Trainee: 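Handing you a structure now.
Numbered from 1 within each chain, the chains take letters A, B, ... in sequence-line order. If you're wondering where the values come from, they're calculated on a predicted model, not measured in any experiment.
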2 protein chains.
Amino acid sequence: MKDEELKARARIMKALASPVRLKIVDELSRGERCMCELQPMFPMNKSTLSRHLTELKNVGIVGERRDGARCFLRLLTPCVLSMFDCTMGVIRAEARRQTKLVSGGKATET
Amino acid sequence: MKDEELKARARIMKALASPVRLKIVDELSRGERCMCELQPMFPMNKSTLSRHLTELKNVGIVGERRDGARCFLRLLTPCVLSMFDCTMGVIRAEARRQTKLVSGGKATET
DNA sequence: CAACTCTATCGCATTGTTGCGCAACTATGC
DNA sequence: GCATAGTTGCGCAACAATGCGATAGAGTTG
């Protein structure tokens with residue numbers, strides 16, 4: 001796999017490697033929102049939130065539509081939601097592994 | 001969505017938010033490998049490579065099988081490969097958007 | 001079994017990157 | 001003019017990536 005491609009992918013993953021940004025994506029998956037709607041959901045300075053949005057816009061996951069003073073955000077690539085499913089898969093698999101360890105399974109024990 | 005869940009997901013995304021680790025995953029998708037096989041592919045100190053592997057192991061994406069002094073790595077959750085497809089989707093969508101901008105499309109122009 | 005090699009990991013120091021709030025700024029609408 | 005919506009510059013603290021050297025097991029050979 002090409003080096004450039006790896007970097008491009010890493011950039012996208014990085015944009016999603018934050019609870020805050022994941023929450024934004026999750027919220028936008030339910031429809032268009034403007035900053036002012038998002039702000040109450042995030043206990044942080046609006047400048048910080050704006051920067052998170054910028055990061056998502058930079059990699060092309062989120063797009064904006066300006067309407068007067070407002071700036072409506074929406075998900076441009078809903079396929080990122082399928083990534084969520086996968087992360088759940090990883091989490092569940094890991095949980096199973098932990099369980100096995102506790103209940104005396106064979107996985108990698110000391 | 002729960003806060004803990006968001007954090008767990010972000011952890012997984014973060015583990016994949018690095019060209020090096022993406023390359024490792026890509027390589028492991030073609031089969032089990034030992035550190036000594038991976039090393040020649042990565043122009044970095046072996047301790048650094050080891051750390052990247054540790055990170056992938058920590059989130060449960062990669063597992064290890066020890067055989068004597070060697071340590072064979074393998075992909076535990078192949079679904080991460082489907083994430084790759086999605087990143088490609090995002091990259092392509094972004095490329096299309098750029099093209100539109102150049103060719104005089106309507107998207108977000110100044 | 002002692003000495004040695006080979007494989008992988010750990011501790012530490014250095015360097016670069018990220019997340020954050022604050023305050024200042026721009027732009028829109030009343 | 002003044003409130004509302006959002007972005008930008010700055011500095012700080014926390015975190016991540018890296019190399020180097022030391023260390024810990026496994027296997028090998030005398």
Trainee: Which residue lies toward the 5' end of DNA chain D, S18(B) or L73(A), if each is placed at its nearest nucleotide?
Mentor: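 The residue mapped nearer the 5' terminus is L73(A).
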
Trainee: Just how far, in rounded Å, is P of dA17(D) from CG of L53(B)?
Mentor: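 Roughly 14 Å, once rounded to whole Å.
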
Trainee: Does the side chain of E64(B) reach to within under 4.5 Å of the side chain of F72(B), using non-hydrogen atoms?
Mentor: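 No, too far: nothing below the 4.5 Å cut-off.
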
Trainee: Please determine if E5(A) and R9(A) form a salt bridge, counting it only when a charged side-chain N lies under 4.0 Å from a carboxylate O.
Mentor: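 Salt bridge between E5(A) and R9(A), a charged N being under 4.0 Å from a carboxylate O: yes.
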
Trainee: Distances under 3.5 Å only, N/O to N/O: pair up the protein atoms with those of nucleotides 18-21 of chain D.
Mentor:
residue: dT18(D); atom: OP2; partner: H52(B); partner atom: NE2; Å: 2.4
residue: dG19(D); atom: OP2; partner: N45(B); partner atom: N; Å: 2.9
residue: dG19(D); atom: OP2; partner: T48(B); partner atom: OG1; Å: 3.0
residue: dG19(D); atom: O6; partner: R51(B); partner atom: NH2; Å: 3.0
residue: dC20(D); atom: N4; partner: S47(B); partner atom: OG; Å: 2.9
residue: dC20(D); atom: N4; partner: R51(B); partner atom: NH2; Å: 3.3

Trainee: Whole angstroms only, please: what is the CD-C1' distance between E64(A) and dA5(D)?
Mentor: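 Rounding to the nearest Å, CD of E64(A) and C1' of dA5(D) are 12 Å apart.
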
Trainee: If the cut-off is 4.0 Å, is R66(A) near the phosphate of dT7(D), judged by side-chain N/O to OP1 or OP2?
Mentor: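 For dT7(D), OP1/OP2 do have a side-chain N/O of R66(A) under 4.0 Å.
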
Trainee: Would the distance check show the side chain of S18(B) and the main-chain N or O of V20(B) forming a donor-acceptor pair, the cut-off being under 3.5 Å?
Mentor: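 Yes, because the side chain of S18(B) sits within donor-acceptor range (under 3.5 Å) of the backbone of V20(B).
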
Trainee: Would the number of heavy atoms belonging to other residues, nucleotides or ligands and lying under 6.0 Å from CZ of R33(A) be above 12?
Mentor: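 Buried by this count: over 12 neighbours within 6.0 Å.
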
Trainee: Quick one: CG on L53(A) to CD on E55(A), what's the gap to the nearest 0.5 Å?
Mentor: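 The distance works out to 10.5 Å.
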
Trainee: Can you tell me how far CD1 of I61(A) sits from CG of L76(A), rounded to the nearest 0.5 angstrom?
Mentor: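 CD1 of I61(A) is found 9.5 Å from CG of L76(A).
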
Trainee: What is the distance, to the nearest angstrom, from the CG atom on L49(A) to the C1' atom on dG6(D)?
Mentor: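 Taking atom C1' of dG6(D) as the reference, CG of L49(A) is at 10 Å.
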
Trainee: Between atom CG of L6(B) and atom CD1 of I24(A), what is the distance when rounded to the nearest 0.5 Å?
Mentor: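 Those atoms lie 10.5 Å apart.
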
Trainee: Within the structure shown, what part of the strands sits under 4.0 Å from E55(B) by heavy-atom distance: base, sugar-phosphate, or nothing?
Mentor: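 Sugar-phosphate: the residue E55(B), judged by heavy atoms under 4.0 Å, touches backbone atoms but no base.
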
Trainee: With side chains defined as the heavy atoms from C-beta onward, is the minimum distance between L81(B) and L75(B) less than 4.5 Å?
Mentor: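 In contact.
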
Trainee: Taking T99(A) for its side chain and A95(A) for its backbone only, find out whether a donor-acceptor pair lies under 3.5 Å.
Mentor: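 Yes, the answer is positive, given that a donor and an acceptor are paired below the 3.5 Å cut-off.
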
Trainee: Please report, rounded to the nearest Å, how far the C1' atom of dA8(C) is from the CZ atom of R65(B).
Mentor: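 Roughly 16 Å, once rounded to whole Å.
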
Trainee: What's the CD1-P distance between I24(B) and dA8(C), to the nearest Å?
Mentor: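 Rounding to the nearest Å, CD1 of I24(B) and P of dA8(C) are 13 Å apart.
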
Trainee: Starting at CD of E37(B) and ending at P of dT7(C), how long is that distance when rounded to a whole Å?
Mentor: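 Value for this atom pair: 11 Å.
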
Trainee: Taking OP1 and OP2 of dG6(D), is either one under 4.0 Å from a side-chain nitrogen or oxygen of S50(A)?
Mentor: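 The answer is no; no side-chain N or O of S50(A) sits under 4.0 Å from OP1 or OP2.
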
Trainee: Would you check if E37(A) and E27(A) make a side-chain contact, meaning some heavy-atom pair closer than 4.5 Å?
Mentor: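 When only atoms from C-beta onward are counted, E27(A) and E37(A) do not touch, as no gap falls below 4.5 Å.
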
Trainee: Quick one: bend of the helix from dC1(C)-dG30(D) to dC30(C)-dG1(D) from 5 pairs per end, to 10°?
Mentor: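 Here the local axes at opposite ends form an angle of 20°.
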
Trainee: Atom CE of M35(A) to atom C1' of dT7(D): distance rounded to whole Å?
Mentor: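 After rounding, the gap between these two atoms is 9 Å.
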
Trainee: Starting the side chain at C-beta, find the nucleotide from dT28(C), dA8(C), dG19(C) nearest to A69(A).
Mentor: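 Output: dT28(C).
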
Trainee: Residues from residues 3-16 of chain A sitting under 4.0 Å of DNA chain C, heavy atoms only?
Mentor: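 Close to the strand are K14(A).
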
Trainee: Find the distance N58(B):CG to dA16(D):C1' and express it as a whole number of Å.
Mentor: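 After rounding, the reported distance stands at 14 Å.
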
Trainee: Please confirm whether the backbone N or O of A15(A) pairs with a side-chain atom of R21(A), one donor and one acceptor, at under 3.5 Å?
Mentor: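 Indeed, once roles are kept as given, a pair shorter than 3.5 Å links the two residues.
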
Trainee: Want to settle it: does R21(A) or R70(A) sit nearer the 5' end of DNA chain C, counting the closest nucleotide to each?
Mentor: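 Its nucleotide being nearer the 5' end, the pick is R21(A).
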
Trainee: Only one of T54(A), V80(A), L56(A) forms a side chain to side chain contact (heavy atoms under 4.5 Å, CB included) with V62(A), so which one is it?
Mentor: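 Considering T54(A), V80(A), L56(A), a side chain to side chain contact (heavy atoms under 4.5 Å, CB included) with V62(A) is found only for L56(A).
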
